[in-house]
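Note that this is a predicted model, so its numbers are computed, not measured.
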Amino acid sequence: MRRFAYCKVVLATSLVWVMLDMFILLYFSECNKCDDKKERGLPGRDDALSRPRDGPGEGGKPVVIPKENQEKMKEMFKINQFNLMASEMIALNRSLPDVRLEGCKNKLYPDNLPRTSVVIVFHNEAWSTLLRTVHSVIDRSPHTLLEEIVLVDDASERDFLKRPLEQYVRRLEVPVRVVRMEQRSGLIRARLKGASLSTGQVITFLDAHCECTTGWLEPLLARIKQDKTVVCPIIDVISDDTFEYMAGSDMTYGGFNWKLNFRWYPVPQREMDRRKGDRTLPVRTPTMAGGLFSIDRDYFQEIGTYDAGMDIWGGENLEISFRIWQCGGTLEIVTCSHVGHVFRKATPYTFPGGTGQIINKNNRRLAEVWMDEFKNFFYIISPGVTKVDYGDITSRSALRQKLQCKPFSWYLENVYPDSQIPRHYYSLGEIRNVETNQCLDNMARKENEKVGIFNCHGMGGNQVFSYTANKEIRTDDLCLDVSKLNGPVMMLKCHHLKGNQLWEYDPVWVILQKLTLIHVNSNQCLDKASEEDSQVPSVRDCSHTRSQQWLLRNVTLPEVF
Ligand code: UD2
Ligand code: MN
């Protein structure tokens, strides 16, 4: 009798599940016909896969939202910080242009390439972007090379990312697993989980709003056969406004500035020369952007995966880049592989504990473990950072020890000689005018703006400049540049070519003309603020006055931090 009752319960439960499944299927195929549901970012209907050739966004074309929907579009934009309305109009398997260099299109690759698992982590991602990522992987990768796709849900709070997602991916022709973090853990620990559960010989990480293009995978896997090589595709831009697909350049590579922000910089001539001008050959890059790369599973283990002490977002990309190079590996951008990514101007999700706190903590961990004395560039330009607790780094330092990794100075010298952090420099600190006692100040202004001058505050930050061995005056990745007689003094991206960025300084105050900062090209001297504008320094004919004398002082860091 009891048994019978038990059976009835099981039967009833199964029935409920079946009905629920059917309801969900019906619900989603129905609800997408009504706009109000779509607004909440619910799944696209099945026929989002059957697309007319000239449908919205096909061929990577921009989507234009009609005037009457603009208000709604703006509202929806806030959900993911990209044009969700546009994304939902585009087929999940839209076509894309083949943006590869001609020389890439007929390259042949060995038959015995290793298979990859694709690991995609997400937190509150939109249905359309997440599934478009998945479809683009399935549609544009040879299935013989695709072990599986692992979707790691970092504790999202959207119902459609729960059972509906699991049901949707079950029908796909490549195994797709959905795994869940028990609590919000951040992309670093989510990727670690995905990596540990995956089985392919290679692990390929992608963000959850990517689109892979034709032939993206083979050149990555082919390159991985080279020992200890970690590879990234060229990251193309999917517009956050229109979802237009725009080819990224093979002439930029990854670097970073003093604040430890990842930045793209032009591929230097030495790297072009090394490849004998063949742009289809992989570029050695000092750093990776972070989201899109392939790595051999065993090598990932060997070099210490990720720093699991890093939270939510940020820093892990530079950390793994420094680690790869300093510990004997190679990091490359494979220019024949193109994957698009939706770059956003703002982050759509929360940073539990505070955005600044988290990013500073992660950055401190990487600076403390990998950057040796060069961490000072980071600390003095970001006052306040030293107050952030970075937790315990003993196991990461021990890893560096165990792998016998090279010093950061080696990395700067050999991997990143055009680094924004100068390998050799005369001073790192304030530049003070002898007559007025005011200091050069970047005033938090941007590239292509004038450098400022202001009362010295001795707090580092915007008043930190480095007079380098190459005779540039730098603040972060900007150099003081004068291109006209009598100024103004502009802040331009450092170009390493001397020219208008070359300054001569003689620190010895013996005869009067010393302590001057002479702009070599114009043969004029840096002077105190001009009469017209009290907040910018001037450049004038050298006159040997005190207003043209400058003291370059090194900033001292607090003793304990
Ligand atoms: C870039 C990288 C990103 C990562 C980051 C630094 C590219 C294209 N993107 O920022 O991969 O390296 O720099 O950390 O190179 N996510 C979670 N949990 C979280 C936060 C984010 O799972 O707590 C997911 C998110 O849904 C996304 C991925 O992590 O799929 C990367 O986040 P993002 O897209 O906000 O980062 P992005 O592209 O600004
Ligand atoms: Mn992203």
Side-chain angles (χ1 to χ4, degrees), residues 28-29 31-33 35 38-39 41-66 69 72-73 76-77 79-100 104-105 118 120 122 125-143 146 149 151 160-161 164-165 168-169 171-174 176 204 206-218 233-248 291-292 336-344:
F28 286 120
S29 43
C31 86
N32 278 291
K33 296 192 178 92
D35 276 337
K38 266 191 129 179
E39 222 173 298
L42 287 170
R45 61 197 149 183
D46 281 356
D47 64 18
L49 288 178
S50 57
R51 52 196 167 83
R53 276 169 143 244
D54 56 351
E58 285 303 320
K61 295 255 159 44
V63 173
V64 187
I65 306 287
N69 288 339
K72 202 165 177 188
M73 175 195 81
M76 286 174 77
F77 195 99
I79 303 174
N80 300 91
Q81 291 299 337
F82 52 64
N83 191 339
L84 180 59
M85 184 183 264
S87 178
E88 292 194 342
M89 287 161 67
I90 302 171
L92 295 181
N93 61 346
R94 74 155 155 179
S95 58
L96 290 177
D98 186 348
V99 294
R100 293 173 297 176
C104 292
K105 292 183 182 166
V118 175
I120 300 168
F122 62 92
E125 189 62 47
W127 177 271
S128 52
T129 43
L130 177 63
L131 270 306
R132 200 171 297 116
T133 309
V134 170
H135 278 286
S136 77
V137 170
I138 295 176
D139 295 349
R140 303 207 180 87
S141 315
H143 290 191
L146 202 52
I149 298 174
L151 302 178
F160 61 80
L161 294 171
L165 177 64
Y168 185 92
V169 299
R171 294 178 302 165
L172 301 174
E173 62 267 42
V174 164
V176 182
T204 298
L206 294 179
D207 272 9
H209 31 259
C210 288
E211 288 176 64
C212 303
T213 65
T214 310
W216 74 287
L217 187 59
E218 297 89 330
I234 288 184
I235 308 182
D236 296 332
V237 176
I238 303 171
S239 161
D240 55 341
D241 278 325
T242 63
F243 276 73
E244 180 180 8
Y245 195 97
M246 294 172 279
L292 291 57
C336 284
S337 172
H338 279 260
V339 178
H341 168 263
V342 185
F343 286 92
R344 295 183 273 214

Q | Where Val63 and Gly57 come nearest, the two heavy atoms and their spacing | A | CG2-N, 3.7 Å
Q. Just by modelled atom types, is the Ala91 backbone N or O under 3.5 Å from a matching donor or acceptor in the Arg132 side chain?
A. yes
(Q) What verdict does the side chain to side chain contact (heavy atoms under 4.5 Å, CB included) test give for His209 and Ile238, after you've listed the backbone C-alpha separation in whole Å, the side-chain angles of each residue and the deciding distance to 0.1 Å? (A) CA-CA 9 Å; His209 31 259; Ile238 303 171; over 6 Å; no
**Q.** Asn83 side-chain N/O to Met85 backbone N/O, donor-acceptor pair under 3.5 Å
**A.** yes
Q.
How long is the straight-line distance from CH2 of Trp127 back to CG of Leu165, given to the nearest 0.5 Å?
A. 5.5 Å
Q. Phe243 and Thr129: side chain to side chain contact (heavy atoms under 4.5 Å, CB included), yes or no, with the steps?
A. CA-CA 10 Å; Phe243 276 73; Thr129 43; 3.8 Å; yes
(Q) According to disulfide (SG to SG under 2.5 Å), who are the partners of Cys336, at least two apart in sequence or on a separate chain? (A) Cys104
(Q) I'd like to check Cys212 versus Leu206 (side-chain heavy atoms, cut-off strictly below 4.5 Å). Are they in contact? (A) yes
Q: Evaluate side chain to side chain contact (heavy atoms under 4.5 Å, CB included) for Leu161 paired with Leu130, printing each intermediate quantity in order.
A: CA-CA 10 Å; Leu161 294 171; Leu130 177 63; 3.8 Å; yes
Q: Look at the side chain of Ser136 and the backbone N and O of Thr133, then say whether any donor-acceptor pair between them is shorter than 3.5 Å.
A: yes
Q) Roughly how far, to the nearest 0.5 Å, is the CD1 atom of Ile138 from the CZ atom of Arg140? A) 11.5 Å
Q.
Please identify which of these residues, His135, Glu58, Glu211, meets the side-chain hydrogen bond (donor to acceptor under 3.5 Å, both in side chains) condition with Arg94.
A. Glu211
Q: Quick one: pull up OG in Ser141 and CG in Leu217 and give me the separation to the nearest 0.5 Å.
A: 5.0 Å
Q | His338 versus Asp236, side-chain donor and acceptor atoms under 3.5 Å | A | yes
Q) Do you know the tightest heavy-atom contact between Phe82 and Arg344? A) CE2-NH1, 3.7 Å
Q.
If I take atom CD1 from residue Ile234 and atom NE2 from residue His341, how far apart are they, to the nearest 0.5 angstrom?
A. 15.5 Å
**Q.** Distance, nearest 0.5 Å, that separates CD1 of Ile235 from CG of Asp207
**A.** 8.0 Å
(Q) Would you compute the distance between atom CG of Leu292 and atom OG of Ser337 and round it to the nearest 0.5 angstrom? (A) 8.5 Å
**Q.** Side-chain donor or acceptor of Ser95 paired with backbone N/O of Gly59 under 3.5 Å
**A.** yes
Q. Which pair of heavy atoms, one from Asn80 and one from Ala126, lies closest together, and at what distance?
A. ND2-N, 3.4 Å
**Q.** Ile65 vs Met89, side chain to side chain contact (heavy atoms under 4.5 Å, CB included): CA-CA, chis, key distance, verdict
**A.** CA-CA 10 Å; Ile65 306 287; Met89 287 161 67; 3.7 Å; yes
